[in-house]
*Asks:* 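Encoded as structure tokens, here's the structure I'll be asking about.
Any value given below was found using the heavy atoms of this structure, including those in side chains, with hydrogens, waters and symmetry copies removed. These figures come from a predicted structure and were not determined experimentally. Letters A, B, ... are given to chains in the order of the sequence lines, protein chains preceding strands, and every chain is numbered from 1.
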Amino acid sequence: MNPETHRIEKLPIEMFDGQALKKLVEAGLLWLRANQQTVNSLNVFPVPDGDTGTNMVLTMQAAYKEIEQLGHRNIGQMASAISQGALMGARGNSGVILSQLWRGFARALHGVEILDGPTVARALAEARDTAYKGVVRPVEGTILTVAKEVAAAAEIAVRESNDPIAILERLVKAADAAVQRTPELLPILKQAGVVDSGGKGLFFLLEGMLRFLRGEPLDAPVAVVQPLSALKLEDAMETIEPGQDFEVVVDFVPYRELDLPAFYQRLEQMGTSIQVGEGDGLYRMHIHVPTEKRYEPIDYIMELGTVTKVAIENLQAQVNGLDRNQSPGRIDLAAVEPGQIAVVAVSPGVGIARIFASLGVAAIVEGGQTMNPSTKDILEAFENLPTDKIIILPNNKNIILAAQQAKEVTVKQVEVIPSRNIPQGLVAMMHLNPDGDLKQVAEKMTRALQDVTAIEITTATRSVEIDGVAVETGQVIALIDGKLAVAAATVEEACLRALEAARAAEHELITLFYGQDLTAAEANRIADLVRAAYPNQEIELQDGGQPHYQFIISVE
Amino acid sequence: MKIGLVTDSTADLPRELCERYDIQVVPALVNIQGQSYEDGIDISREEFYNRLPRLIPPPTTSAPSVGSFQQRYRKLLDSGCTAILSIHAASSLSGIFNAARLAAEEFGQRVHVLDSGQLSLGIGFQVLEAAEGILHGLSLNEILERVERIRRTVRVMAMLDSLEYLRRSGRVSWAKAMIGALLNLRPIVELRDGVVHRLGQARTRLQGIRRLVEAIHDLAPLERLAILHTNAESAALALMAEVKDWVQIQPFIVNVTTAIGTHVGPNGLGFAAVPVRG
């Protein structure tokens, strides 16, 4: 335990100032980051989707960055800066709600210099209220419920004690209980066999603060084993740290039961981004290590069991490769003049960005299922346009809130079209009239969203049964308008069955946008199968370039 | 006072109306593979549209000669007309108005040549308004006023099957830019005061028809309505079925003339409408 931790530990809550809050935020962020993958794995649908853990970490990171250099002790000002940072850095729905919690918290602390118990309770209540108001239709069994339970616990806790540890213990306990109850409140969670990810993230944030006050370590992840299918190794790429040059993945069957804490402890001496998965007795270990230590994890694991597979990859080369894949190339965006309506579209792939641009989109924000743009990213796109009239197409259900938040922040006139997928965004573009009345055009674009059915084809990231569809890890699945509809052995089977389920035969046009994981030849072959199955429909094949999703299909 | 009425084939007026009102129609010319055809006379629309996509080089159009207008004007004046009203395709899109204007110079004040700023029934409704005015014995000035009102209020919109023909026509600047669209689009256009405006686009025919229905709905109540198509009769009937119950007038369906079809291509669908004076 370091002495500084001790010092804060001894302080009664009345002595809490801005610097103390800053430390708590840092602690919460560190702990959340340590548990990021655990939160990410709590995904209802077995799809590579906007990862809640990553989104919340990035949001808190932006909040912390805002206050990192702040030296003043005024807690009201500190909270306000945190709120500002979170607001701009908010990504994904959970990130936006988290930023709203901070906003309410900061509002209650306005003009406050030193925190006291009643103020904590008041601030958490205000945080709860602001978060609920930040969502059009609040749903229970989510991060909102957890925030509500935390606020309720705070009211009691501050009456019983003024010891920060005792208070935080109550809050963490309440958060944990609320998280455990989320499947009872939200049936989809129960079906998927998970607790709510945003709520869990909030729990880790509070637990990190508590661990800090108790002097417990924050940088090590808890020794956890995820289901093998929940390991999302490609996402670990986002958090490559300097010096960690190689990614090592080892599959093994241990000789005897694994001593997890000891296992983690040894691995932590070697590298970072440690993840351990298990399925049917087979373990998979993932770690990022410096060049000179690249064989160490393998040697170590060989002592523990039978190694069945080893994969070593040069991370820097991978990162460069990623950059190459995602280089936007030349995209001819529509030129808008002051007074005209400009459309900003969020796009997950270069091909799709090009298509949006060719339809008259004036700015592209990169992002999509796996990488949700922040409020700030969206805001910057607004600010860089030469006009004050802006329409934004989020094209993803997890980006709509951030878009709305960006609208609240800017002085420009913005209309958010709640497009939940790419086909909806494209069909809305059919109604763009740059010289029209902003509200009227937005209304027409919004009405058009229902003109199209969207099918998304991807590979299941874990086994689950939802809405009567049983999915095995690695199967190809199809979502129709965001609902799991088909699990199949191959991409073509998934496409054809999903088209049938979407009643494609009763429509005119099927457009297939193929992702970066498919070659043009393979996409063409599947498009030919679709053509043969739907001789009366127009079939269009386009290079979408999106990651993770082999096809995005629009039926209209 | 007897007023003669002249228009050109791009007004798309059905033959029986021209006969009933004694409207003189000067045909534009469509040039197909080295041969000139008189629009609406030498070649049937069905035949033309069926061949259009495969015609290489693509057909072109030309205005009737100044002489052919002079002939018509002289004939009308010889038969006792004291004035002639000659209403033609938008001068920004076609040389027809200019040919008529040059022809009229020879006859001084007796021939009034009007730039309709329109095409198809966008012209046709102005001509019909004039014809009815003549029938009711209105003065030339009264008739000109009425025609001007139609010119101001008539709305012509269409969904084209592709941009290719419009782009090839070279008469619409944005069409060239829009051909860069990576998706197949059906542009939705409006002709206003001789300028083709882009209202948006549709991906499917059904979406396009819905847009046209919405537009007609927004313009209603109407005093005149024509459903226009370029060899897309079934789509025209579908549009008719969507609107006939509430437009309260009997619209007519027109397979648009070859001189316009050359520049918009087959399978287009649209309408010309005059809202009730309000």
*Asks:* Looking at B/Gln207 and B/Arg203, would you say the former's side chain and the latter's main chain have a donor-acceptor pair under 3.5 Å?
*Replies:* yes
*Asks:* Charged N to carboxylate O under 4.0 angstrom, A/Glu506 versus A/Arg503?
*Replies:* yes
*Asks:* With a 4.5 angstrom heavy-atom cut-off, could you sort out which part of A/Glu556 is near chain B: side chain, backbone, both or neither?
*Replies:* both
*Asks:* Please classify the contact between A/Phe356 and chain B as side chain, backbone, both or neither, with a heavy-atom cut-off of under 4.5 Å.
*Replies:* neither
*Asks:* If I measure from the heavy atoms of chain B, does A/Ile355 come under 4.5 Å with its side chain, its backbone, both, or neither?
*Replies:* both
*Asks:* Measure distances from A/Val427 to the heavy atoms of chain B and classify the residue's part below 4.5 Å as side chain, backbone, both or neither.
*Replies:* side chain
*Asks:* Can you say whether B/Leu206 sits under 4.5 Å from chain A via the side chain, the backbone, both, or neither, judging by heavy atoms?
*Replies:* both
*Asks:* Side chain from CB out, backbone as N, CA, C, O: work out which of these in B/Arg210 comes under 4.5 Å of a heavy atom of chain A, or both, or neither.
*Replies:* side chain
*Asks:* Using 4.0 Å as the upper bound for N to carboxylate O, is an ion pair formed by B/Arg151 and B/Glu145?
*Replies:* no
*Asks:* Before accepting this row, confirm whether a basic side-chain N of the pair A/Arg525/A/Glu492 lies closer than 4.0 Å to the acidic partner's carboxylate O.
*Replies:* yes
*Asks:* Is it the case that B/Glu233 and B/Asn255 place a side-chain donor and acceptor less than 3.5 Å from each other?
*Replies:* no
